[in-house]
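Quick note on labels: first sequence line is chain A, next is B, and so on, each numbered from 1. Predicted, not measured: the structure shown is a model, and the values here were computed from it.
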Number of protein chains: 2
Amino acid sequence: MTSAHERRSYEQFCPVARALDLLGERWTLLVVRELLAGPCRFTDLRAHLPGMSPALLTQRLRALEDEALVRRTELPPPAARTVYELTERGRALEPVVYELGRFGIAYLTHAGPTPQPPMHLLALGLKLFVVLEALPGRAFVVHLALDEGDFTLRISAPAHGPAIGRVAIDAGTPAQFDARVRASLSTILWLRQGVMTLAEARAGGLLEVDGPARGVAAACALFGLETAA
Amino acid sequence: MTSAHERRSYEQFCPVARALDLLGERWTLLVVRELLAGPCRFTDLRAHLPGMSPALLTQRLRALEDEALVRRTELPPPAARTVYELTERGRALEPVVYELGRFGIAYLTHAGPTPQPPMHLLALGLKLFVVLEALPGRAFVVHLALDEGDFTLRISAPAHGPAIGRVAIDAGTPAQFDARVRASLSTILWLRQGVMTLAEARAGGLLEVDGPARGVAAACALFGLETAA
DNA sequence: CCGCATCCGTTTCGATACTG
DNA sequence: CAGTATCGAAACGGATGCGG
């Protein structure tokens with residue numbers, strides 16, 4: 001009984017069912033979400049996943065390790081000892097988490113219990129707003145000057161692999177940018193949810209986009225904002 | 001406690017967590033997978049989801065209805081009475097299921113318990129092999145002549161919305177096609193999983209691609225097959 | 001402190017049987 | 001055909017403990 005698993009499976013010859021065999025249990029994909037942002041210690045994961053018991057976190061990490069989606073690394077003395085990180089196979093989950101997030105945007109209610117979303121969720125959330133179909137055919141930098149903080153959105157040059165791999169977001173202000181967006185998170189959310197139009201937001205001073213003319217248009221497209229009319 | 005739900009939520013201000021609040025319970029996404037193929041009766045769903053108890057199916061369908069992802073329609077007398085189908089919001093789940101499936105391909109073991117996968121899973125599975133980044137910029141038809149049956153893969157012209165919306169697969173043989181692929185499902189699976197190279201498959205007579213020259217190259221790209229070397 | 005393991009009450013799930 | 005009802009088994013959530 002050492003292996004503990006041979007977990008409950010759907011027993012179907014279907015890629016979707018197989019994926020859910022691996023990822024479908026509670027918390028699993030949220031653990032992956034955390035690890036997509038970079039290596040984490042056990043305690044970091046706990047802090048970012050309130051409500052998850054440590055035993056369950058251990059169990060999920062072991063299962064992910066067994067599937068070679070996560071790797072546990074023991075660091076030499078100086079730093080905190082063990083960190084968890086995604087393997088290359090694990091990083092293949094980025095599109096899955098991305099699409100889940102894209103879908104979830106429509107169901108985000110901003111009058112939630114969290115007064116100020118934690119920084120790392122903010123960065124992830126902003127990444128989800130990017131419309132992959134509208135990525136420019138070249139590298140591109142956007143300065144997101146939100147009320148909640150400054151972020152740098154970098155689109156790298158086209159490459160092989162999933163398009164989401166071209167998108168990176170970090171806290172901070174870029175030295176140069178192709179476009180700059182000033183708004184609050186609420187405004188961006190409302191625009192995406194259709195609560196408000198781009199014209200209304202601009203008229204109300206809730207959103208400003210500036211930079212080189214072509215950059216502005218590209219930035220709007222990037223966030224799915226219609227510039228017409 | 002009339003509403004019965006107010007189900008367990010992750011309580012995070014994060015689109016991924018919100019999506020999993022709606023979809024993260026066991027069986028939910030497999031129900032969605034079934035409905036993506038078209039409207040279904042209760043009994044059809046049961047037949048395609050062995051192991052799921054009817055009570056649980058009812059519960060999942062009610063929850064999806066409450067979220068306006070699924071609609072229940074009562075048909076007039078002639079036909080079997082009630083059918084379930086995805087709403088427009090529900091159809092927004094196609095990219096989620098698609099990416100899960102893309103990920104799951106790598107974990108499909110063909111020596112499974114199912115001797116012959118059911119037709120509807122076969123069609124879904126084939127759709128998952130299509131590489132969305134490689135969709136041609138025009139309409140395109142591929143005849144998939146598999147050992148398991150004939151399928152017609154239709155790529156429609158570029159449009160708004162998710163790229164997966166351009167891909168459709170049906171059983172049957174097309175009157176005209178831009179390319180034809182002859183292979184078995186195993187071969188396609190092995191190629192994708194890297195068990196075998198395209199050159200090896202062709203040399204061994206396991207795979208043939210014919211049609212107009214440009215069609216062949218496009219078809220290979222469509223399935224992520226390197227034609228070089 | 002960090003990285004877990006153990007215990008226990010509650011919730012969810014799976015299997016089967018039964019009904020309008 | 002389209003569900004309900006029931007019940008034992010498994011999974012989960014929360015608190016607590018414990019060695020390095």
Side-chain angles (χ1 to χ4, degrees), chain A residues 1-12 17 20-31 34-35 39-66 70-85, chain B residues 1 3-12 17 20-31 34-35 39-65 70-85:
Chain A
M1 290 58 262
T2 60
S3 79
H5 352 259
E6 201 60 39
R7 309 198 309 287
R8 202 160 33 161
S9 159
Y10 291 110
E11 302 285 350
Q12 288 194 356
L20 291 170
D21 282 343
L22 304 184
L23 308 168
E25 288 172 307
R26 194 166 163 76
W27 294 108
T28 302
L29 279 170
L30 290 187
V31 172
E34 290 303 314
L35 294 175
C40 285
R41 293 171 302 167
F42 191 87
T43 312
D44 299 331
L45 292 170
R46 284 210 61 190
H48 290 159
L49 299 169
M52 187 182 196
S53 81
L56 201 50
L57 177 54
T58 301
Q59 194 178 315
R60 292 292 182 270
L61 287 168
R62 295 286 174 273
L64 288 168
E65 270 192 78
D66 289 348
V70 162
R71 175 175 33 218
R72 175 149 110 245
T73 313
E74 302 278 342
L75 294 183
R81 285 189 288 284
T82 60
V83 294
Y84 294 90
E85 59 188 332
Chain B
M1 30 210 329
S3 76
H5 345 259
E6 199 61 42
R7 308 196 309 286
R8 203 157 34 161
S9 158
Y10 290 110
E11 302 286 350
Q12 287 195 357
L20 290 170
D21 282 344
L22 304 184
L23 308 168
E25 289 172 306
R26 194 163 163 78
W27 292 107
T28 301
L29 280 170
L30 290 187
V31 172
E34 290 302 314
L35 294 175
C40 285
R41 293 172 301 167
F42 192 87
T43 312
D44 299 330
L45 292 170
R46 285 210 60 191
H48 291 159
L49 299 170
M52 187 183 197
S53 84
L56 200 51
L57 177 54
T58 302
Q59 194 179 315
R60 292 293 182 267
L61 287 168
R62 295 287 175 273
L64 288 168
E65 270 191 81
V70 162
R71 177 175 29 219
R72 173 150 110 247
T73 313
E74 301 279 341
L75 295 182
R81 284 191 286 285
T82 59
V83 293
Y84 293 90
E85 60 189 330

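An OP1 or OP2 oxygen of C/dG14 is reached within less than 4.0 angstrom by no side-chain nitrogen or oxygen of A/Y10. Proximity of A/R26 to the phosphate of D/dG13: a side-chain N or O atom is located under 4.0 Å from OP1 or OP2. For A/R46 and C/dC2, the shortest distance from a side-chain N or O to OP1 or OP2 is not below 4.0 Å. Between A/T43 and C/dG3 there is a side-chain polar atom (N or O) within less than 4.0 angstrom of OP1 or OP2. The phosphate of D/dA11 has neither OP1 nor OP2 within less than 4.0 Å of any side-chain N or O from A/W27.
Among D/dC12, C/dC13, C/dC4, the nucleotide with an atom closest to any side-chain atom of B/R8 is D/dC12. Closest to the side chain of B/T58, out of C/dG3, D/dT4, C/dT6, is D/dT4. With C/dG14, D/dG13, C/dC4 as the candidates, the nucleotide lying closest to the side chain of B/L56 is C/dG14. Considering only side-chain atoms of A/F42, the nucleotide from C/dG3, D/dC12, D/dT4 that sits closest is C/dG3. Closest contact between the side chain of A/E25 and the listed nucleotides C/dG3, D/dC12, D/dG3 involves D/dC12.
C/dG3 atom C1' lies 7 Å from atom OH of A/Y84, rounded to whole Å. Distance CG (A/L57) to P (D/dG14): 14 Å, rounded to an integer number of Å. If you take CG of B/L49 and P of D/dA2, they are 15 Å apart, rounded to a whole angstrom. Remark: C1' of C/dG3 and CD of A/E74 are 10 Å apart, rounded to the nearest angstrom. Remark: P of C/dC2 and CG of A/D44 are 9 Å apart, rounded to the nearest angstrom. Going from atom CG of A/L61 over to atom C1' of C/dA5 covers 15 Å, rounded to whole Å. In this structure, the CZ atom of A/R41 is 13 Å from the P atom of C/dC1, given to the nearest Å. Following rounding to the nearest Å, B/E11 (CD) and D/dG14 (P) show an atom-to-atom distance of 11 Å.
Nearer the 5' end of DNA chain D, as judged by each residue's closest nucleotide, is the contact made by B/S53, out of A/S53 and B/S53. Along DNA chain C, the nucleotide nearest B/P54 and the nucleotide nearest B/R60 are compared for position; the residue whose nucleotide lies closer to the 5' end is B/R60.
The nearest pair of heavy atoms linking A/L22 to A/T28 is O-CG2, 4.1 Å. Summarising the geometry of A/C40 relative to A/L35, their closest heavy-atom pair is CB-CD2, 3.9 Å, with the distance given to 0.1 Å.
Using a cut-off of 4.0 Å between Lys/Arg side-chain N and Asp/Glu carboxylate O, B/R81 and B/E74 are scored as not salt-bridged.
Note on ring orientation: taking the six-membered ring where Trp is involved, the planes of B/Y10 and A/W27 are perpendicular (angle over 60°, cut-offs 30° and 60°).
In this structure, a donor-acceptor pair under 3.5 Å is absent between the side chains of A/T82 and A/R72.
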